[in-house]
There are 2 protein chains.
Amino acid sequence: MALGLGVDRGSPVPLYFQLSQQLEAAIERGALTPGSLLGNEIELAARLGLSRPTVRQAIQSLVDKGLLVRRRGVGTQVVHSQVKRPLELSSLYDDLAAAGQRPGTTVLVNDVVPAPAEAAAALGLGEGSEVHHVERLRLAHGEPIAYLCNYLPPGLLDLGTRQLEATGLYRLMRGAGITLHSARQSIGARAATAAEAERLGEDPGAPLLTMRRATYDDTGRAVEYGTHTYRPSRYSFEFQLLVRP
Amino acid sequence: MALGLGVDRGSPVPLYFQLSQQLEAAIERGALTPGSLLGNEIELAARLGLSRPTVRQAIQSLVDKGLLVRRRGVGTQVVHSQVKRPLELSSLYDDLAAAGQRPGTTVLVNDVVPAPAEAAAALGLGEGSEVHHVERLRLAHGEPIAYLCNYLPPGLLDLGTRQLEATGLYRLMRGAGITLHSARQSIGARAATAAEAERLGEDPGAPLLTMRRATYDDTGRAVEYGTHTYRPSRYSFEFQLLVRP
DNA sequence: TGCTGCCATATGTCCGGACAATCGGACGAC
DNA sequence: GTCGTCCGATTGTCCGGACATATGGCAGCA
């Protein structure tokens, strides 16, 4: 194979990670075509001067990503599909930016309030505890896209209105050293109330896409709860789901 | 610890899997409380008569599920959160059955047709190729919940109308030996057309939740494409998203 | 021809060990 | 008192090997 595989033992990057990145790049650029066998692990390990467990770890990470399939007695194949990325905790701001939509944000509310019952329950706090409360209008090309209402536990992050208008909430949390880990989401639809219609530039009774989400960090602590409403003509949710057997 | 941990070497079940199941059960029933340390891997391995790699494999599988967190230099902790299950490729039929809603299905169309452009593209077939086409109305307690329109590649499965009325499409595919692996989903909302409103028992212009999905098996082959519309008053999408770093 | 059983092949599981990187607290220097 | 350093603890990475098990093709037999 002329894949240019080879690891650098002087690098602090783990060997299995170097290999998995190279394999992923080879798949990405088409050097490993869908359906083709990867060659057996033993020989691959010998060729690269690595042990089999290390090679397996590299391959396993790509299997987890859905790029490869292992079959006992057969070999490891490249998946032939439109699988691009697995799913991620999507950030509306980043999604819009990636789509070249020039996102903008108008901060409508940014203060500390007693937590409403629903937010307190989601964040695991007592009802009436103080929480950060942020309401934002998200725009693209100057047009309203979504209305975002969020609650955060106190002391987690100090939210400057200026920062909130420059970037997304997730990016701010990550920048504050919070490692996001999982989220419970609920997506639905309903007719716009008069107030919602006014805010988003729709007619009353127009369909809206709604999302409720609680986000947790890597220790399982709830770090954010929010209810969002989207204009369905301007936004829809795109997922890539993976099943783990 | 009185966790009752111990493996059976006579069982064909892999040791790491036995251990991970026991740990998961211990977490589930509260014997391992959120935030508590799991005890170091070396000692745990010694106590169980296993090697450290085997114990690590068991722990890793629970980390992947989001039940445990590892911290170098600290130990492995139980996540303290409402994290129950990771996300799965949800089946509407099974979801309803699990919620005790007694799902029902009316098959409206079940035949072979030339593939519409969108379905052919999603399934990776030429436009106009023959495909299975199924249209169903999904009910709960006799009330319409969703309208499901699906296309499947030919020869994959023979779909009996009787079977379709008794269970869900995913269950039929799994029963035919197809291993579902991933799906691309798009969720949105729009106003009901007159025909849609009629089918679902809503008023024209009422908000509907829409889902478009292409499903792939473990080799990356597209095995299903469908467009669904849901009554938002009766159904919403619930997810548990996990981020892998 | 068609079925059966064997066998090479590849991944799956498991072991025991070694060293590195990181975390948190204890200790000592300033 | 505060800061930096050291050190024990724990996970992270990596090795080399062993045997188990599922797969698919081939040869032999009915």
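Being a predicted model, the structure only gives us computed values, none of them experimental. So that the names make sense, note that chain A is the first sequence line, chain B the second, and so on, each numbered from 1.
Atom CG in B:L38 sits about 19 Å away from atom P in D:dA9, given to the nearest Å. Put simply, CG on A:N40 is 16 Å from P on C:dA8, counting in whole angstrom units. In this structure, B:L68 places its CG atom 11 Å from P of D:dG12, rounding to the nearest Å. Spacing between atom CZ of A:F17 and atom C1' of C:dA21 amounts to 17 Å, rounded to whole angstrom units. In this structure, A:Y16 atom OH and C:dA21 atom C1' are separated by 13 Å, rounded to whole Å. Note: CZ (B:R71) to P (D:dG8) measures 24 Å, nearest angstrom. The nearest whole Å value for the distance from the CD1 atom in B:I42 to the C1' atom in C:dA20 is 14 Å. Between the CD atom of B:E41 and the P atom of C:dG17 there is a distance of 16 Å, rounded to whole Å.
Of the candidates B:E41, B:Q57, B:E43, B:R52 forms a side chain to side chain donor-acceptor pair (under 3.5 Å) with just one, namely B:E41. The one candidate from B:H133, B:E224, B:R213 that meets the side chain to side chain donor-acceptor pair (under 3.5 Å) condition with B:N150 is B:E224.
Using a 4.0 Å heavy-atom criterion, one finds that B:P14 contacts the sugar-phosphate atoms exclusively. Nucleic acid contact class of B:R52 (heavy atoms, under 4.0 Å, all strands): base.
Within the 4.0 Å cut-off from OP1 or OP2 of C:dT13, not a single side-chain nitrogen or oxygen of B:T54 is found. Contact check, B:R56 against D:dT11: no side-chain N or O comes under 4.0 Å of OP1 or OP2. Note on B:R70: a side-chain N or O is less than 4.0 Å away from OP1 or OP2 of D:dG12. Dashed line: the shortest gap from a side-chain N or O of A:S51 to OP1 or OP2 of D:dG17 is not under 4.0 Å. Put simply, A:T76 has no side-chain N or O that comes within less than 4.0 Å of OP1 or OP2 on C:dA10.
Closest non-hydrogen pair, A:A122 versus A:Y225, comes out as CB-CD1, 3.3 Å.
Without hydrogens or angle criteria, A:Q185 side chain to A:R212 main chain gives no donor-acceptor distance under 3.5 Å.
Nearest-nucleotide mapping onto DNA chain D: of B:P12 and A:G49, the residue sitting toward the 5' end is A:G49. Comparing A:V55 and B:Q60 along DNA chain D, the residue whose closest nucleotide (by nearest heavy atom) sits nearer the 5' end is B:Q60. Ranked by how close their nearest DNA chain C nucleotide is to the 5' end, B:V74 and A:I59 are led by A:I59.
Taking the side chain of B:L50 as heavy atoms from C-beta on, and the options D:dT11, C:dT11, C:dC15, the nearest nucleotide is C:dC15. The side chain of A:R72 approaches D:dT21 more closely than any other nucleotide in the set C:dT13, D:dC14, D:dT21.
Side-chain contact check for B:P154 versus B:L125: some heavy-atom pair is nearer than 4.5 Å.
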